[in-house]
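Down below is the structure, laid out as structure tokens.
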2 protein chains.
Amino acid sequence: MKCVTEKSEDKIKEAARRVFLKKGFDGTTSRDIAREADMNIALTNYYFRSKEKLFLEIFKDILELYFKNMVNILNKPVDIKTKISDMIENDFKMMNEEPDLVIFIMNEIHKEPERLFPDLSFFKQIRSTLFCKQLDEGIANGTLRQIHIENIIPLIKSCVEFIFLGKHIHKKIYGMSEEEFNRYAQEQKEHVKAMICNYLILES
Amino acid sequence: MKCVTEKSEDKIKEAARRVFLKKGFDGTTSRDIAREADMNIALTNYYFRSKEKLFLEIFKDILELYFKNMVNILNKPVDIKTKISDMIENDFKMMNEEPDLVIFIMNEIHKEPERLFPDLSFFKQIRSTLFCKQLDEGIANGTLRQIHIENIIPLIKSCVEFIFLGKHIHKKIYGMSEEEFNRYAQEQKEHVKAMICNYLILES
DNA sequence: AATTATTTTAAATAGTTGTTTAAATTATTT
DNA sequence: AAATAATTTAAACAACTATTTAAAATAATT
């Protein structure tokens, strides 16, 4: 028998996730969460002991989501050009599904860098991905530009994520509607793909 | 006779600026500001009427600083390549001087887009800068890639600002010290310059 | 059906929030 | 030097904060 009504613990966590993403830790009150979850104010502490503990649980999930697909894509058995395109498309999709994700992560880490970075082992994987191997080979045989992996990944991520980070700013500055922004973001995505490949892949 | 001791109003505003930039509006309390300014708690409201009013004043200044040099550089009588380099260098300098600036602006606007955008007339200037004229000409005679100004500016700004937006993340992920990060940022800056010019300026 | 464990509730806790008050101090003007 | 204005102060304000309590309601087990 499947449980149709969600468990209270999950309801609170999901509600808290929504509020935290929108307002950040400081901007969110226990009552905001209780209201969003439509639950009694005491239940957050009953299930999660404190607002802080609940936040840390949620933040961990969100950070995982943010980095989840990256290593997988870096290891896909496809050529560099396709891989870069895949990474950009993946980022773009993520930004569309979770528009608040990046600004939330960046801002929370910016405010308190130390408390929010538990597990770094994940990132150690980056340097041993197929992408890095392909990069080394390409550089060795002259088909790719001499560049470090640490420099490529921000190039890929920054251009797409930035326009979503500053979505409201861009919309205001250029007077764009929601659909105009979506078209613009698509445009930008294609430019970024072409620009990065153009730079990385050397013509013979 | 010059006043050596700063006026209380300015002292409070400068202190508030520092705290707001670091902790954001929600993360900053009136007492934080008073402590940082080393003034009585009541003086903030005496001079600025409310925390909100003080914030809005400061936010306006910060937004102005962020966009100040952009239009000037876009209008400089130099070739496109130099201009792009100048813009990137200007951004880079600003990020070094005010590392909290961009994340602060983006986050505050993200939380409440409507209240924080008073004057848009400034941005209307962008489309009538020399840069736009040079772009049109270049596109017409085939020396520049067909692209809109709205797409170029984010390309320029995103790559440099992004690594500062996520400074702590990048340092942690790649295990960089402060000086290693600075070297890395320099490296990235040069890549970005080359990459954008590479993409924009077409070989004959 | 009675007992036990779990979940939910309203109310209260102590501390913090932005803001105001009214008196005390300092500066300026007459 | 007296009167007036501007500034600074400590104390208080009500509203809000995260969290806890202890009783009530529900579910699970015997």
Side-chain angles (χ1 to χ4, degrees), chain A residues 1-62 104 107-108 111-112 114-116, chain B residues 1-62 104 107-108 111-112 114-116:
Chain A
M1 191 192 92
K2 263 199 177 159
C3 217
V4 201
T5 52
E6 219 175 353
K7 277 187 178 164
S8 299
E9 189 174 334
D10 297 332
K11 254 177 94 179
I12 292 167
K13 196 169 175 183
E14 280 161 32
R17 188 188 193 276
R18 263 173 275 137
V19 186
F20 279 141
L21 272 169
K22 215 197 299 178
K23 307 207 207 178
F25 182 79
D26 292 330
T28 301
T29 70
S30 302
R31 282 162 183 82
D32 286 338
I33 297 169
R35 203 180 309 116
E36 175 81 19
D38 198 23
M39 306 239 98
N40 186 281
I41 173 81
L43 287 175
T44 295
N45 286 36
Y46 175 73
Y47 284 111
F48 300 95
R49 298 188 47 202
S50 74
K51 179 190 163 192
E52 172 87 9
K53 290 236 169 60
L54 172 56
F55 176 80
L56 289 175
E57 256 190 54
I58 290 168
F59 191 81
K60 197 172 152 284
D61 293 348
I62 288 177
F104 170 76
N107 192 53
E108 296 298 335
K111 278 187 306 185
E112 259 171 285
E114 293 315 321
R115 86 169 166 163
L116 299 172
Chain B
M1 190 192 89
K2 261 200 179 161
C3 219
V4 201
T5 51
E6 217 175 355
K7 277 187 178 165
S8 299
E9 189 174 334
D10 297 332
K11 255 177 93 177
I12 291 167
K13 196 169 174 181
E14 281 161 32
R17 187 187 193 276
R18 264 174 275 136
V19 187
F20 279 141
L21 272 170
K22 215 198 299 177
K23 306 207 207 180
F25 181 79
D26 292 330
T28 301
T29 70
S30 303
R31 282 161 183 85
D32 285 338
I33 297 169
R35 203 180 308 117
E36 175 81 19
D38 199 23
M39 308 238 97
N40 185 282
I41 172 81
L43 287 176
T44 295
N45 286 47
Y46 176 72
Y47 284 110
F48 299 95
R49 298 187 49 202
S50 73
K51 180 192 164 192
E52 172 89 9
K53 291 237 170 58
L54 171 56
F55 176 79
L56 289 175
E57 257 191 52
I58 290 168
F59 191 82
K60 195 171 153 285
D61 293 347
I62 288 177
F104 170 77
N107 192 53
E108 295 299 335
K111 277 187 308 187
E112 259 171 284
E114 294 314 319
R115 87 169 164 164
L116 299 171

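If you're wondering where the values come from, they're calculated on a predicted model, not measured in any experiment. Residue numbers begin at 1 in each chain, while the letters A, B, ... track the order of the sequences. Just the heavy atoms: all of them, side chains too, but no hydrogens, waters or symmetry mates, feed the values below.
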Throw together a table of side-chain donor-acceptor distances under 3.5 angstrom for residues 33-43 of chain B, partners on residues two or more places apart or in other chains.
residue: B:Arg35; atom: NH1; partner: B:Asp32; partner atom: OD1; Å: 3.3
residue: B:Glu36; atom: OE2; partner: B:Arg18; partner atom: NH1; Å: 2.3
residue: B:Asn40; atom: OD1; partner: B:Ala42; partner atom: N; Å: 2.8

Name the pairs: protein N/O against N/O of nucleotides 6-12 of chain C, kept only if under 3.5 Å.
residue: C:dT7; atom: OP2; partner: A:Tyr46; partner atom: OH; Å: 3.2
residue: C:dT8; atom: OP1; partner: A:Ser8; partner atom: OG; Å: 2.7
residue: C:dT8; atom: OP2; partner: A:Ser8; partner atom: OG; Å: 3.0
residue: C:dT8; atom: OP2; partner: A:Tyr47; partner atom: OH; Å: 2.7

Contact list (N/O, under 3.5 angstrom) for nucleotides 23-28 of chain D vs protein:
none

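The stretch residues 19-28 of chain B touches DNA chain C through B:Thr28, each having a heavy atom under 4.0 angstrom from the strand. Only A:Ser50, A:Lys51, listed by number, bring a heavy atom of residues 50-59 of chain A to less than 4.0 angstrom from any atom of DNA chain D.
Separating the CZ atom of B:Arg49 from the P atom of C:dT21 is a distance of 13 Å, rounded to the nearest angstrom. Rounded to an integer number of Å, the gap from CG of B:Asn45 to P of D:dT9 is 15 Å.
A search for side chain to side chain donor-acceptor pair (under 3.5 Å) contacts involving A:Asp61 returns A:Lys13, not counting sequence neighbours. Not counting sequence neighbours, A:Phe48 has no partner by the ring pair (Phe, Tyr, Trp, His ring centres under 6.0 Å) test. In this structure, B:Glu14 has no salt bridge (charged side-chain N to carboxylate O under 4.0 Å, His left out) partners at least two apart in sequence or on a different chain. The side-chain contact (heavy atoms from CB on, under 4.5 Å) check on A:Lys22 picks up A:Asp100, with sequence neighbours excluded. Under the side-chain contact (heavy atoms from CB on, under 4.5 Å) criterion, B:Asp26 pairs with A:Asp26, B:Lys111, sequence neighbours left out. B:Phe59 is linked by a ring pair (Phe, Tyr, Trp, His ring centres under 6.0 Å) to B:Phe55, B:Phe104, counting only residues two or more places apart in sequence or in another chain.
The shortest distance between side-chain heavy atoms of B:Asn45 and B:Leu54 does not fall below 4.5 Å. Between A:Glu57 and A:Arg17, the closest side-chain pair of non-hydrogen atoms is not below 4.5 Å.
For the atom pair B:Leu56 CG and B:Glu108 CD, the distance stands at 10.0 Å (nearest 0.5 Å).
Helical stems involving DNA chain D, defined as 3 or more consecutive Watson-Crick or G-U pairs under 3.5 Å, span C:1-17 with D:14-30, C:19-30 with D:1-12.
Of all the heavy atoms in B:Glu9 and B:Tyr47, the pair that sits closest is OE1-CD2, 3.6 Å.
A cation-pi arrangement is absent between B:Lys51 and B:Phe20, since the terminal nitrogen or guanidinium carbon is not both under 6.0 Å from the aromatic centre and inside a 45° cone about the axis.
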